[in-house]
Amino acid sequence: MTFKEDFVNSILTSGKSIGAGLATIGLAGAGTGVGIVFGSLVFGLSRNPAEEQRLFKYAMLGFAVTEAVALLALMMAFLILFG
């Protein structure tokens, strides 16, 4: 390979690494979201313990949606890195 091909390949590899790193920022947001969901559950249970069943269902729904966003961000990072 020539110098030009090596240079272009190194630029593409570094671009993929930077893109994958930026795509994983969504994982930090998902971690924050999970903390907010369960913190709100604890707060809601402390204010109204009789609503435990209903609040827990909503918390699980919020957790599932938040984790789905995290998995999409992780999948996007892997697609950028290995695609």
Side-chain angles (χ1 to χ4, degrees):
M1 287 206 294
T2 65
F3 174 74
K4 184 177 180 180
E5 291 172 346
D6 287 339
F7 182 72
V8 169
N9 284 336
S10 66
I11 294 293
L12 288 175
T13 302
S14 63
K16 282 184 176 184
S17 298
I18 291 170
L22 290 174
T24 58
I25 291 174
L27 297 175
T32 304
V34 168
I36 290 171
V37 165
F38 285 111
S40 297
L41 173 66
V42 169
F43 184 70
L45 287 177
S46 67
R47 291 179 59 104
N48 194 358
E51 293 291 327
E52 180 179 0
Q53 293 294 326
R54 190 171 64 101
L55 290 175
F56 188 73
K57 288 178 186 176
Y58 287 147
M60 285 298 112
L61 180 65
F63 172 74
V65 170
T66 305
E67 283 300 312
V69 170
L71 289 175
L72 289 174
L74 187 62
M75 180 189 67
M76 191 56 65
F78 283 143
L79 283 174
I80 290 170
L81 195 58
F82 299 116

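- Taking CG of Leu71 as the reference point, atom OG1 of Thr66 lies at 11.0 Å (rounded to 0.5 Å).
- Here Phe63 pairs with Phe38 under the ring pair (Phe, Tyr, Trp, His ring centres under 6.0 Å) rule; sequence neighbours left out.
- By the side chain to side chain donor-acceptor pair (under 3.5 Å) test, Glu51 pairs with Arg54, sequence neighbours left out.
- When all heavy atoms of Ile80 and Ala23 are compared, the pair lying nearest together is CD1-CB, 4.2 Å.
- Here the CD atom belonging to Glu67 is positioned 9.0 Å from the CG atom belonging to Leu27, to the nearest 0.5 angstrom.
- Chaining together hydrophobic side chains whose heavy atoms lie under 4.5 Å apart places Met75 alongside Leu72, Leu79.
- Applying the salt bridge (charged side-chain N to carboxylate O under 4.0 Å, His left out) definition to pairs two or more places apart or across chains, none involves residues 3-20.
- Taking Ile, Leu, Val, Met, Phe, Trp and Tyr as hydrophobic and joining them when side-chain heavy atoms fall under 4.5 Å apart, one finds Ile25 in a cluster with Ile18, Leu22.
- Distance check: Leu41 CG to Ile36 CD1 gives 14.0 Å after rounding to the nearest 0.5 Å.
- Between Ala73 and Gly26, the closest heavy-atom pair is CB-CA, 4.1 Å.
- Hydrophobic side-chain contacts under 4.5 Å tie Val8 into a cluster, directly or through other members, with Leu12.
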